[in-house]
Amino acid sequence: MGDQIKLSAGNADFEYPVLKGSVGPDVIDIRKLYAQTGKFTFDPGFTSTASCESALTYIDGDEGVLLHRGYPIGQLAEHSSFMEVSYLLLNGELPSKSELEKFELTISRHTMLHEQLATFYRGFRRDAHPMAIMCGVVGALSAFYHDSTDISDPEHRKISSHRLIAKMPTIAAMAFKYAVGQPFMYPDNKLSYTGNFLRMTFGVPAEEYEVVPAVEKAMDRIFILHADHEQNASTSTVRLAGSSGANPFACIAAGIACLWGPAHGGANEAALNMLREIGTPDKIPHYIERAKDKNDPFRLMGFGHRVYKNYDPRAAVMQKTVREVFDALKVDDPLFETALRLEEIALNDPYFVEKKLFPNVDFYSGIILSAIGFPTTMFTVLFALARTVGWVAQWNEMISDPGQKIGRPRQLYTGPTQRDYVPLDRR
Ligand code: ACO
């Protein structure tokens, strides 16, 4: 018998098994707690709760480690492609050359959207936030692809997963085109996944679009860095929505809605807006003081993370990528200098040191995306595009688990106890 943990409640002792993962903290299996003690655990924000078993991604926040199926993110970002990482997340192993080619071909076969979906876009106001469009259009896919919605069939799940990964760049690019009033661009499957996305976003029918290899590589790397991040808020949302047996496209739309928030995927948009507001390095001390002031709601966007209490390993790769993109596009954005200076000042300030607040992946990504030509409103859209593979891989893992149950947390109720209804004329 493995380790047990003892809990004393009243005069009785109860023992709960301690489960061991391949790496990382052990977990206490309290599934029988309520049946045995009549008590729940209380953990708002799930700071001490493992919500599921997963073999996809491992994070050690204290050491700044992020592994996908065991491979460090730095190695994947340096040597692989987003398609390779997608295959890895979905299938558990890196693909062979022929497996990768077959996977890329399969994904490219699903890049087009049903033509009628274009009319959806026209229903949105021209100034609609592209994340609002993403939520709507991705959810609407469930009305178009009925043939892949038997979620108990692994083949159906695979087709839905491929469709989502393949169509997301098309949907994202169309959200951009709609906002700027340019014609939608059809996919060109001769191009790579990322090159195709860049062309659909920045190309126009009247002209040949040339993909800049350095930009394509940087963009692909940004997708890799955002591909999965274990049980974060949006992934947990996808799992929770999917646990009821909901349609996969609807589940991903739920994930997109959660990702939109400024404490999650919306942070890169907020981080760049903040850098623009700060403007020049001489204003940094004022904003640092504001971030430290408990009575001021201002926070340094792009700083801090629920799990990373050392450096976010993705931020280091991102900082390097800024320079590559700037060199390739010959841009010299003074905001990068402001960002570097802000990082330096914050990392030497006792407040940030004590609270272990470091730049996260979003701190530098906005500067790169802006240099490539994306407006800030598109930043979270790109995150959603990349995270889709993580969401579908996690969703698949959950549905294939025979012990899977509907997600149904409990609560500590603090409202009124039972009372009698008072008729309207006596209130
Ligand atoms: N600026 C200033 N102070 C901060 C910041 C920040 N960015 N982040 C946390 N703190 C402070 C809090 O005020 C709190 O102080 P206290 O203990 O004195 O009350 C302490 O650090 C802990 O903060 P929490 O909000 O309790 O930490 P939590 O783990 O819940 O939050 C979060 C993590 C949401 C990411 C937070 O750091 C934050 O809001 N950061 C800015 C938004 C951001 O960059 N989000 C992107 C996350 S990465 C991603 O989603 C890809």
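Note that ligands are numbered from 1 as they come in the structure, with each ligand's atoms numbered from 1 the same way. The basis for the numbers below is simple: all heavy atoms, side chains too, and nothing from hydrogens, waters or symmetry mates. Note that the structure is a prediction, hence the values are computed from the model and not measured.
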Heavy atom under 4.0 Å from ligand 1: found in [X]'s side chain, backbone, both, or neither?
X	result
Asp362	side chain
Arg306	both
Lys294	side chain

Do [X] and [Y] meet the cation-pi criteria used here (NZ or CZ under 6.0 Å from the six-membered ring centre, within 45° of the axis)?
X	Y	answer
Lys355	Tyr351	yes
Arg199	Tyr209	no
Arg122	Tyr178	no

Problem set entry | Option nearest atom 3 (N) of ligand 1 (shortest heavy-atom distance, choices Phe298, Tyr351, Phe303) |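 Heavy atom nearest to atom 3 (N) of ligand 1 belongs to Tyr351.
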
Quiz item: Heavy atoms only: which of Lys355, Glu354, Arg299, Met301 is nearest to atom 24 (P) of ligand 1?
Solution: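 Looking at heavy atoms only, the winner is Arg299.
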
With atoms numbered from 1 as shown, which atoms in ligand 1 lie under 4.0 angstrom from a non-hydrogen atom of [X]?
X	value
His305	33 (C), 35 (C), 37 (O), 48 (S)
Phe383	51 (C)
His264	46 (C), 49 (C), 50 (O)
Ala263	45 (N), 46 (C), 47 (C)
Gly302	43 (C), 44 (O)

field: Test item, His226 contacting ligand 1 (heavy atom, 4.0 angstrom)
entry: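 No, His226 has no heavy atoms under 4.0 Å from ligand 1.
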
Checklist entry - Hey, does Phe363 sit under 4.0 Å from ligand 1 if you only count heavy atoms? => result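 No heavy atom of Phe363 comes that close to ligand 1.
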
What's the shortest distance from [atom] to any protein heavy atom, and which residue and atom give it?
atom	result
atom 35 (C) of ligand 1	Gly304 O, 3.7 Å
atom 9 (C) of ligand 1	Leu357 CD2, 3.5 Å
atom 2 (C) of ligand 1	Ala291 O, 3.7 Å

* Asked: Looking just at side-chain N and O atoms, do Thr57 and Asp228 make a donor-acceptor pair shorter than 3.5 Å?
  ->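 On atom types as modelled, these side chains qualify, holding a pair under 3.5 Å.
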
Classify the side-chain pair Asp333/Ser370 by whether it contains a donor and acceptor separated by less than 3.5 Å.
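Checked: Asp333/Ser370 side chains show no N/O donor-acceptor pair below 3.5 Å.
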
Got an N/O contact under 3.5 Å between [X] and ligand 1?
X	value
Ala267	no
Arg314	no
Leu300	yes

*What are the two closest heavy atoms between Val381 and Ala172, and how far apart are they?*
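Answer, listing the atom of Val381 first, then Ala172: CG1-CB, 3.5 Å.
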
Sub-4.0 Å protein heavy atom next to atom 27 (O) of ligand 1:
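False for atom 27 (O) of ligand 1.
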
For Arg157 and Val392: C-alpha separation, side-chain torsions, deciding distance, then whether side-chain contact (heavy atoms from CB on, under 4.5 Å) applies. CA-CA 9 Å; Arg157 290 205 300 273; Val392 295; over 6 Å; no

Please list, chain by chain and in numerical order, all residues satisfying ring pair (Phe, Tyr, Trp, His ring centres under 6.0 Å) with Phe103, sequence neighbours excluded.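 With neighbours one apart ignored, the set is Tyr87, His162.
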
If you apply the rule salt bridge (Lys or Arg N to Asp or Glu O under 4.0 Å), what do you find for Lys320 with Glu78, and how did you get there? CA-CA 11 Å; Lys320 192 171 145 237; Glu78 187 75 22; 3.2 Å; yes

Next item on the list: Output all residues satisfying side-chain hydrogen bond (donor to acceptor under 3.5 Å, both in side chains) with Ser54, sequence neighbours left out; order by chain, then residue number.
Entry: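 Ser54 satisfies side-chain hydrogen bond (donor to acceptor under 3.5 Å, both in side chains) with Glu397 once adjacent residues are dropped.
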
Are Leu76 and Tyr71 side-chain neighbours, meaning at least one heavy-atom pair lies under 4.5 Å?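 Yes, side chains in contact.
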
Run the side-chain contact (heavy atoms from CB on, under 4.5 Å) test on Val353 and Asp349 for me, step by step, so that the C-alpha distance in whole Å, both residues' side-chain angles and the decisive distance to 0.1 Å come before the verdict.
CA-CA 6 Å; Val353 174; Asp349 188 297; 5.8 Å; no

